[in-house]
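Presented below is the structure to which this report refers.
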Amino acid sequence: MESGMISVDKWSYGSQAYFLTHLHADHTAGLSSTWNRGPLFCSRLTAKLFPCKFPSFNLFLLRVLDIGSWFSLSFTSPSSGSPTTIYVKAIDAQHCPGSVMYLFRGDFGCMLFTGDFRWEVTGSGVENRRAMLLDALKNETLDTLHLDNTYCNPKYSFPSREVAAREVVDIISSHPKHDVVIAIDSLGKEDLLLHISRELDIKIWVWPERLQIMHLLGFHEHFTTQTSLTRVRAVPRYSFSIETLEALNTIRPTIGIMPSGLPWATEQNGNPFSSSEYIFVVPYSDHSCFSEIQEFIELLRPIKIKGIVSSSSCCIDPCYYFDHLCGTQQAIWRIQAKIENDEGVDTSVEAAEIKSSAAKETKEEEESSTVVGRKRRRILDQVDFFGIRVSRVSLLRRLCRGGVRLADTE
DNA sequence: GCGATCAGAT
DNA sequence: CACATCTGATCGC
């Protein structure tokens with residue numbers, strides 16, 4: 001987790017800098033308004049929301065990392081005591097407002113902390129996000145992926161949030177005389193509420209603290225704290241239960257909507273909601289489903305994966321399902337594929353060939369023997385490797401030998 | 001009496 | 001299975 005210098009979503013002593021992925025309570029456990037253990041890095045939006053959670057926090061400790069830009073930070077190596085530099089880039093995590101992943105490069109290699117994230121593979125901006133991520137990695141192996149493995153099991157399958165949001169609107173539309181309560185947390189699922197508000201042209205009630213958050217996010221026009229103005233209310237998830245819904249229904253007809261990736265609706269027992277006629281569970285999730293996690297890992301080809309959600313069993317252990325996508329060879333194949341892609345070669349056709357690296361090198365030698373091939377190579381043969389320009393061939397050979405940097409550093 | 005931490009409920 | 005959050009009990013100062 002830490003290299004002795006940095007901590008991500010961990011707040012105990014012993015780090016020179018601390019990184020917060022997003023403002024949900026399970027990632028801020030240990031933080032308080034009196035916390036003062038070092039500089040705290042976060043996204044600009046998280047910094048804006050921060051005082052709501054920690055009103056008297058010393059804001060001089062906050063450091064904003066703008067999304068998509070590299071920052072260099074100077075540290076003291078805990079082992080040698082000598083100065084060292086770490087590079088960090090924040091990447092949109094698509095989980096809740098302000099949420100980011102952190103990509104680190106340093107003496108320890110290359111590490112990505114996803115925090116909580118959703119990696120939807122349909123909808124607008126998908127290609128752009130994919131390209132941004134690969135570009136951030138450059139032509140380096142990803143040594144360790146710290147992964148949001150919340151739903152890392154094939155049994156977790158759900159649609160995009162866009163599809164789930166339409167399902168929610170359909171449920172509300174088909175109950176025109178009912179009041180509606182929707183379970184949400186202190187942050188997140190704003191897009192769902194905005195979709196409902198726009199599609200049905202209604203305001204949505206939220207509790208006062210939540211309206212303050214909506215104000216900071218710039219969404220306040222769609223929300224109100226006056227119950228008389230709307231039949232749709234967003235309520236804290238912990239206050240949402242069968243008992244609540246039954247009590248509400250003694251006053252007026254009310255349905256409840258629980259947006260969640262957890263497959264409660266299909267469970268037989270132990271599920272308080274499946275037996276309720278009032279409650280609709282809709283698969284709207286701010287975490288990646290299994291197939292999205294798989295896409296993410298296939299894209300990154302990390303050498304090693306660590307799940308950020310610990311589990312007593314292997315049921316959500318990423319190594320159990322994706323070990324075959326990890327390791328040094330897999331990491332090298334990704335880099336080769338990217339280099340080919342940057343050269344304009346159709347990698348989809350070559351995907352199978354790439355897996356035979358020996359044959360690949362031979363083919364490249366042939367290709368470079370043409371006049372055009374030689375010219376192109378002179379420019380593209382140089383690749384950026386841990387900040388050093390090295391020749392592509394030498395890089396690939398070093399990687400194939402299992403070069404120094406590829407050894408596990410943790 | 002306050003803050004931190006944890007079990008339990010929702 | 002396990003989300004994010006609140007409440008209440010307990011511990012140490």
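Since the model is a prediction, treat every value here as computed from it, not as a measurement.
- Sorted by first then second residue, the salt bridge (charged side-chain N to carboxylate O under 4.0 Å, His left out) pairs that include residues 153-173 of chain A, not counting sequence neighbours, are E120(A)-R161(A), R161(A)-D286(A), E162(A)-R166(A).
- For the pair W11(A) CH2 and dT5(B) P, the computed distance is 14 Å after rounding to whole Å.
- Checking T114(A) against D148(A) by side-chain atom types alone, no donor-acceptor pair falls below 3.5 Å.
- Remark: K53(A) NZ to S33(A) OG distance equals 11.5 Å, nearest 0.5 Å.
- In this entry the distance linking CE of M258(A) with C1' of dA2(C) reads 12 Å, nearest Å.
- For F19(A) and F41(A), the gap between ring centers is short of 6.0 Å.
- One interatomic measurement links the two molecules: CG of L262(A) to C1' of dC1(C), which rounds to 8 Å at whole-angstrom precision.
- Judged purely by distance below 3.5 Å, without hydrogens or angles, the side chains of H27(A) and D116(A) pair a donor atom with an acceptor atom.
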Donor-acceptor contacts, no H, no angles, side chain residues 212-220 of chain A, under 3.5 Å, sequence neighbours left out:
none

Using nucleotides 2-4 of chain B, report all nitrogen or oxygen pairs with the protein that are shorter than 3.5 Å.
| residue | atom | partner | partner atom | Å |
| --- | --- | --- | --- | --- |
| dA4(B) | OP1 | S32(A) | OG | 3.2 |
| dA4(B) | OP1 | T34(A) | OG1 | 2.9 |

Letter per nucleotide, 5' to 3', of nucleotides 5-13 of chain C [B base touched, S only sugar-phosphate touched, - untouched; heavy atoms, 4.0 Å]:
BS-------

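- Checked against the 6.0 Å centroid threshold, H195(A) and Y284(A) do not count as a close aromatic pair.
- Sorted by first and then second residue, the ring pair (Phe, Tyr, Trp, His ring centres under 6.0 Å) pairs with a member in residues 55-74 of chain A read F50(A)-F57(A); sequence neighbours excluded.
- At the phosphate of dA4(C), OP1 or OP2 sits under 4.0 Å from a side-chain N or O atom of H95(A).
- If you measure from atom NZ of K189(A) to atom P of dC3(C), you get 12 Å, rounded to the nearest angstrom.
- The distance between atom CZ of F240(A) and atom P of dC3(C), rounded to the nearest whole Å, is 18 Å.
- At the heavy-atom level, D148(A) lies nowhere under 4.0 Å from the strands shown.
- Between the P atom of dA4(C) and the CZ atom of R210(A) lies a distance of 13 Å, rounded to the nearest Å.
- Each side chain to side chain donor-acceptor pair (under 3.5 Å) pair with one or both residues in residues 225-235 of chain A, not counting sequence neighbours, appears once here: D179(A)-R233(A).
- Looking at heavy-atom distances under 4.0 Å, H27(A) makes no contact with the nucleic acid at all.
- The distance from atom CG of N153(A) to atom C1' of dC3(C) is 16 Å, rounded to the nearest whole Å.
- Rounding to whole angstrom units, CZ of residue F158(A) and C1' of dA2(C) are separated by 12 Å.
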